[in-house]
Amino acid sequence: MKSVVPNEAELLHLAHQFDRQALAQIYDLFSPGLFRYALRLLGDQTQAEECVADTFSRFLVALKKSKGPQSHLQAYLYRTAHNWVIDSYRAKTEIPVELDENFAVAGPGPEEQAGLHIRQEQVRCALRKLTPDQQQVIILKYLEGWENEQVARALDKPIGAVKSLQHRALTSLQRYMEKE
Amino acid sequence: MKLEQDPKLIKAIELLKVPADRNPQAAARGRARFLAQAATLAPAVSTGKKQRLMGWMTVSRKGKITMNAVIAVVVAIVMLLGGSATVYAAQDDLPTEALYPVKIFTEDAQLWMNTNAEVEVDMLMALVEKRVQEMVAMTALGVVPPAEAAQRLNLHIENALQTAAEMDDAAMQGALLKIQTSLQTQQQVMTILQTQSSGETSQLMAQIQTMLETRIRMVDSGIVDPQGFRNTVRAELQPQGAPTDAGNGPGPQGSGTGSGKGNAGEGGENQGEGGGDPLHTPTGGGNPDPVKTPGPKGPGGSGGNKP
């Protein structure tokens, strides 16, 4: 599979040497996607930022211990972020939610917004009932638009297993959503 | 129909595909933290030791090295002459007490002997905390903290900001995060102190609060925009006409003389020229900084910046 980063090997090599520019480039490349990914799973901006921060922090610690990824950086980061999300579900810590200053400026009216928010929360709840791997397949495949091969890298599983996970995930998701 | 193609199910999943508008400030803060952590974890490449070993032959960062030897000798002589007990005894003194100038002298000497910018920021923030604790103690004793105490607090913060502004982006962001945390803590202490005080003390606390707020805002924006921060520091904190490369060498007029009103008898507190506002920081003329800007004679030189 072709890497999503044009010069990934070189970038990773420099990152292992704590080259500031390379690390900044990695952050700029992946943090928006990781934030979006975390936000979709968590539904909360503050927690999503926290997830991104911790993901990159763990990445640095891994580099320091010479245990960082040697390839497939994107898959590594998403895997780390996903582990963080799962841990946060387990911990069930209530992180205070910051008020969104732009809330009132958004397009649809309050009723529509509330309706959308409820439906999103229903899907999110159903999604959380899936196993961590199933969740990751659904998010990466249907929301991030990744190919099966990329998802397989992130989950560290063969493509066949990913396809099977996807099918089971959709079946379960449909069942859970019917119950909601 | 295959589940993978069930439009109802796919549409439901895609409800989560809403645009994820990220707060740009939060994103910038996250980036700054990441780079600051990277700077902390990066293998140390220190030139400090090397500079120390080269002693007189090298002009260090801020040209401090040669002066360090002088100060070390002076401090050693003072200690040998029985000053160590005095220095020790002075450490708990408050600004209104007799040995306070000795305490200030030792602090300044310690700052002078340090050549590492990051350590300097840590030391200065420790001094900020010390100054605030002195005010807490004085208020508890029913003593109005003198304006000089507030001025010195302000100077420590300004020095820390100037030192941070001389660092590269990553190191600066790390230093600013530390300063930010420290200032926010001191601001909380000041808030409590203000509610518990009245009259002159309350007025002074209000001025300090305002100063802290201004500095915290400066730090906040510096974390997001390092170059903008350097420009602000240059415009607001550095004396006009001062050299900007080394930043701390004697200026054309022998900066380090402060406003010329530094009072050696009070441990080098600079009175500034601000009149009623003890926290007024003159932007022109000599640098009121007792530590960072040696006069032509170095520490203890003209201007009474050192006792």
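Proteins come first, then strands; the chains are lettered A, B, ... in the order of their sequence lines, and each starts at number 1. The structure displayed is predicted, hence computed values, not measured ones.
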Pick one of side chain, backbone, both or neither for [X], based on which atoms fall under 4.5 Å of a heavy atom in chain B.
{"X": "D28(A)", "answer": "side chain"}
{"X": "L41(A)", "answer": "neither"}
{"X": "A53(A)", "answer": "neither"}

With rounding to the nearest 0.5 angstrom, report the [atom1] to [atom2] distance, [X] to [Y].
{"X": "D6(B)", "Y": "L170(A)", "atom1": "CG", "atom2": "CG", "result": "9.0 Å"}
{"X": "E49(A)", "Y": "R22(B)", "atom1": "CD", "atom2": "CZ", "result": "4.0 Å"}
{"X": "I13(B)", "Y": "K141(A)", "atom1": "CD1", "atom2": "NZ", "result": "11.5 Å"}
{"X": "E144(A)", "Y": "K17(B)", "atom1": "CD", "atom2": "NZ", "result": "8.5 Å"}
{"X": "L15(B)", "Y": "L143(A)", "atom1": "CG", "atom2": "CG", "result": "10.0 Å"}

Step through the shown structure and confirm whether more than 12 heavy atoms of other residues, nucleotides or ligands are within 6.0 Å of [atom1] on [X].
{"X": "K163(A)", "atom1": "NZ", "result": "no"}
{"X": "Q17(A)", "atom1": "CD", "result": "yes"}
{"X": "E147(A)", "atom1": "CD", "result": "no"}
{"X": "E10(A)", "atom1": "CD", "result": "no"}

| Which atoms of R33(B) come close to chain A, meaning under 4.5 Å heavy atom to heavy atom: side chain ones, backbone ones, both, or neither? |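 Looking at R33(B), nothing touches chain A.
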| task | Mind listing the closest non-hydrogen atom pair of A38(B) and L60(A) along with its distance? | result |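 In terms of heavy atoms, the two residues are closest at N-CD1, 3.5 Å.
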| request: Please report the shortest heavy-atom distance between Q45(A) and N23(B), naming the atom on each side. | output: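 Closest approach of Q45(A) to N23(B): OE1-N, 4.1 Å.
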| request: Carefully, step by step, assess Y27(A) and L35(B) under the rule side chain to side chain contact (heavy atoms under 4.5 Å, CB included). | output: CA-CA 9 Å; Y27(A) 189 90; L35(B) 293 176; 5.9 Å; no
| task | Return the orientation label for the F34(B) and F56(A) ring planes: parallel under 30°, perpendicular over 60°, tilted otherwise. | result |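 Ring orientation, 0 to 90° scale: perpendicular.
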